[in-house]
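The block underneath contains the structure these notes are about, expressed in structure tokens.
Below, read A as the first sequence line, B as the second, and so on, with proteins coming before strands; counting in each chain starts at 1. Because the structure is predicted, anything quoted here is derived from the model rather than measured.
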Amino acid sequence: MSDTRAETAFIRTEMLAPELPPVTERGIIKWLRENLFAGWLNSALTIVSLLVVFLLLKSALPWWLNGVWNATSLGECRTIAGPEGGACWAVIKARWHQYIFGFYPQDAYWRPILAFALMFVALAPVLYYGLRNGAKLIGTVAVLTVLSLALLDHDVTHVVLIAVLMAVLFAVSWIAPKRLVYVTLLYPFVAFWLLWGGSVWKPVATLLGFGVMVLVYRLIQPRLGVIMGTAIGFLAACFYWLFVQGIITGALGSLPPGLAGVNSDQFGGFLLAFVIGVTAITCSLPIGILLALGRRSDMVLIKTLSVGFIEFIRGVPLITMLFTASLLLQYFLPPQTNFDLILRVVILVTLFAAAYIAEVIRGGLAALPRGQYEAADALGLDYWQAQRLIIMPQALKISIPGIVSTFIGLFKDTTLVSFVGLLDPLRGVTQIVRADINWKGIYWEPYIFVGVIFFLICFGMSRYSMYLEQKLKTDHR
Amino acid sequence: MAEAQKMQVTDEVAISISNMNKWYGTFHVLRDINMTVNRGERIVICGPSGSGKSTLIRCINRLEEHQQGQIVVDGTELTSDLKNIDKVRSEVGMVFQHFNLFPHLTILENCTLAPIWVRKIPKREAEETAMHFLTKVKIPEQANKYPGQLSGGQQQRVAIARSLCMKPRIMLFDEPTSALDPEMIKEVLDTMIALAEEGMTMLCVTHEMGFAQAVANRVIFMDQGQIVEQNEPKEFFNNPKSDRTKLFLSQILGH
């Protein structure tokens with residue numbers, strides 16, 4: 001024992017200077033050793049993987065590199081590409097406008113393009129509230145819009161007017177980014193008018209319905225509270241839309257200014273995917289939040305209704321719902337109501353997504369400690385204040401990955417509308433293209449093209465969600 | 001506050017609870033509770049775990065519902081009337097064992113949220129009040145940090161400041177130091193003592209017997225959902241009457 005005692009006494013006389021780790025433990029060598037050659041199994045797998053990658057590239061690369069861009073038919077493509085074969089991108093060059101716009105009238109392409117550009121302006125304050133990032137986004141979109149219009153639209157006044165409009169919006173977003181919220185609120189009506197055309201008074205009359213709702217809410221809320229105010233306001237607006245709006249549009253509907261009307265069956269391609277996807281995404285989030293809250297409510301009726309709705313919608317395949325939208329909904333609605341097919345599909349896709357969103361958000365709500373509710377209660381916040389200020393910001397933050405997954409899934413599911421005869425980019429448009437005698441037998445290229453665009457959009461959403469998670473990370477765990 | 005008023009207990013009744021009973025399902029948690037708290041009183045409630053002491057003070061701001069009897073806080077009776085409940089809650093501050101700060105808001109926002117939304121105080125004014133109370137609990141420099149960046153003791157002091165920002169007339173403390181390291185307990189207790197010296201009406205569930213002896217003017221001992229004994233701290237600690245109290249005191253003061 002005396003030995004160990006002698007060893008426990010120790011006094012350092014000089015401090016050690018820090019040194020670099022050994023060569024094998026730093027830089028690229030360390031990375032290679034740890035990630036690719038960590039053991040014999042790992043090394044073998046690395047070599048096999050490299051081999052597989054090599055073989056894949058060897059067989060696929062010539063096809064990609066030998067692609068033909070200028071041809072008028074698949075036969076011509078094959079002649080040009082020669083015996084080793086090559087991709088026939090000429091089909092995309094010839095038919096890209098159908099993939100993007102469907103059968104939308106060619107001279108009106110500026111309308112969906114402008115609507116698409118304005119979508120980013122409307123999104124900017126939502127995505128980057130009060131930040132200059134929004135202005136950068138709008139600036140980029142503005143330049144791209146003007147460029148694509150200059151290439152596509154032969155009417156110079158359109159291009160100039162839109163350039164001026166985008167410049168003004170960019171200036172607003174740079175100087176007062178928060179003001180753009182008004183653009184966001186107006187956007188649904190502007191986009192509707194741009195896309196479907198007709199008299200400007202129709203969307204204005206619809207907008208008035210929301211005015212009615214707000215007015216009634218303002219009158220009732222101080223007396224009967226938030227819930228009654230909202231409910232009666234909503235009913236008043238519905239009454240207006242059902243009975244009064246028709247009279248107004250009847251009187252003003254033919255007055256200028258107006259745009260040439262475009263029918264829903266002329267919509268197609270990514271234009272259609274965006275109309276359905278974006279509307280459903282924006283509407284399903286608030287509905288999903290309400291359903292999630294309803295499912296956790298103490299009120300039996302609200303809880304039962306929410307649970308029933310969610311379980312029913314989640315239990316039924318989307319295609320069934322789409323068939324319902326295209327066929328059955330007509331039976332349930334009063335006769336003579338001629339609901340647009342796209343509108344019907346949008347409504348059902350929205351409800352479908354809302355049920356999933358509700359469950360995702362319920363997961364976020366369940367993850368919050370009970371103490372958060374108690375602290376909000378103890379401070380005297382009422383239910384809606386507590387939800388809006390304390391609970392939802394945290395629950396939504398937790399749910400971001402799930403919500404974005406649902407959105408991505410929803411956006412890709414828009415291709416299912418081909419089953420009810422709408423021209424989705426994947427099946428609808430591709431079938432038309434392949435029915436053309438010139439392009440009969442083409443297979444990979446259209447699908448790759450559509451797939452790449454879908455990937456870019458979904459990947460963009462995914463990256464944004466990661467940015468958002470990073471930005472909202474305040475818990476420092 | 002004038003010196004004479006310090007630590008002064010008045011005759012005005014702040015909280016009165018009469019014949020109050022509460023059940024969780026069929027389990028009788030609180031049995032026939034009768035107590036009156038005068039304004040300016042500082043009461044410490046202690047007892048073994050599961051004795052219902054937390055439930056009792058949580059009934060006072062209706063985080064828990066009582067099924068029988070009457071609770072009157074500041075002249076407002078607690079019933080299922082939401083307006084009364086919100087009124088009582090805005091007059092009664094509460095500090096929790098696990099702080100329950102809002103992690104997505106800064107310290108300053110935690111403190112100004114309720115004054116702005118419940119009391120409808122302008123933001124500037126609410127921020128000034130918040131900084132005043134943050135200075136009082138000695139952490140004004142943390143105002144723009146998030147709760148996750150603070151130590152437990154600092155978080156609990158923020159929680160106290162957050163409650164004080166509502167200018168409550170009564171403060172409830174639910175085991176405020178139980179989740180803290182020994183080093184941090186002192187800083188929180190000091191804050192509470194300072195608050196007591198200003199004449200705040202306080203109900204505190206705690207096992208800090210030193211604190212009870214220093215500031216309480218009444219100690220309530222609970223067991224099995226009932227008030228077993230209550231007395232002035234000196235008498236309570238030196239001369240406990242009931243056997244159950246003696247046993248409890250011997251166990252917590254034994255080492």
Atom NZ of residue position Lys471(A) - does it have more than 12 heavy atoms of other residues, nucleotides or ligands inside 6.0 Å?
yes

Looking at Arg314(A), I'd like to know if its CZ atom is crowded, meaning that more than 12 non-hydrogen atoms belonging to other residues, nucleotides or ligands lie closer than 6.0 Å.
yes

Closest contact, heavy atoms only, Phe102(B) versus Ala375(A)
CE2-CB, 3.8 Å

Give, as side chain, backbone, both or neither, the part of Gln385(A) having an atom under 4.5 angstrom from any heavy atom of chain B.
side chain

Chain A contact via Val88(B) - side chain, backbone, both or neither, heavy atoms under 4.5 Å
neither

Could you check Asp377(A) against Leu63(B) for side-chain contact (heavy atoms from CB on, under 4.5 Å), going step by step and ending with a plain yes or no?
CA-CA 7 Å; Asp377(A) 282 347; Leu63(B) 285 182; 3.7 Å; yes

Taking the side chain as C-beta and beyond, is there a heavy-atom pair between Asp86(B) and Asp382(A) under 4.5 Å?
yes

Shortest non-hydrogen contact from Gly380(A) to Arg89(B)?
CA-CB, 3.8 Å

CG of Leu113(B) to CG of Leu381(A), rounded to nearest 0.5 Å, is 5.5 Å

Can you establish whether the number of heavy atoms outside Gln67(B) located under 6.0 Å from its atom CD is more than 12?
yes

Using non-hydrogen atoms and a 4.5 Å limit, figure out which bit of Leu101(B) sits close to chain A: side chain, backbone, both or neither.
backbone

Is Phe234(A) atom CZ crowded by more than 12 heavy atoms from other residues, nucleotides or ligands, each under 6.0 Å away?
no

Measure distances from Arg162(B) to the heavy atoms of chain A and classify the residue's part below 4.5 Å as side chain, backbone, both or neither.
both

Drop me the distance from Ser163(B)'s OG to Leu379(A)'s CG, to the nearest 0.5 angstrom.
6.0 Å

Closer than 3.5 angstrom, by distance alone: can the side chain of Asn100(B) be matched with the main-chain N or O of Gly371(A) as a donor-acceptor pair?
yes

Atom CZ of Phe459(A): over 12 foreign heavy atoms under 6.0 Å:
no

Looking at Arg388(A), I'd like to know if its CZ atom is crowded, meaning that more than 12 non-hydrogen atoms belonging to other residues, nucleotides or ligands lie closer than 6.0 Å.
yes

Verify, without hydrogens or angle tests, whether His104(B) (side chain) and Leu389(A) (backbone) share a donor-acceptor contact under 3.5 angstrom.
yes

To the nearest 0.5 Å, how far apart are CZ in Phe96(B) and CD in Gln372(A)?
10.0 Å

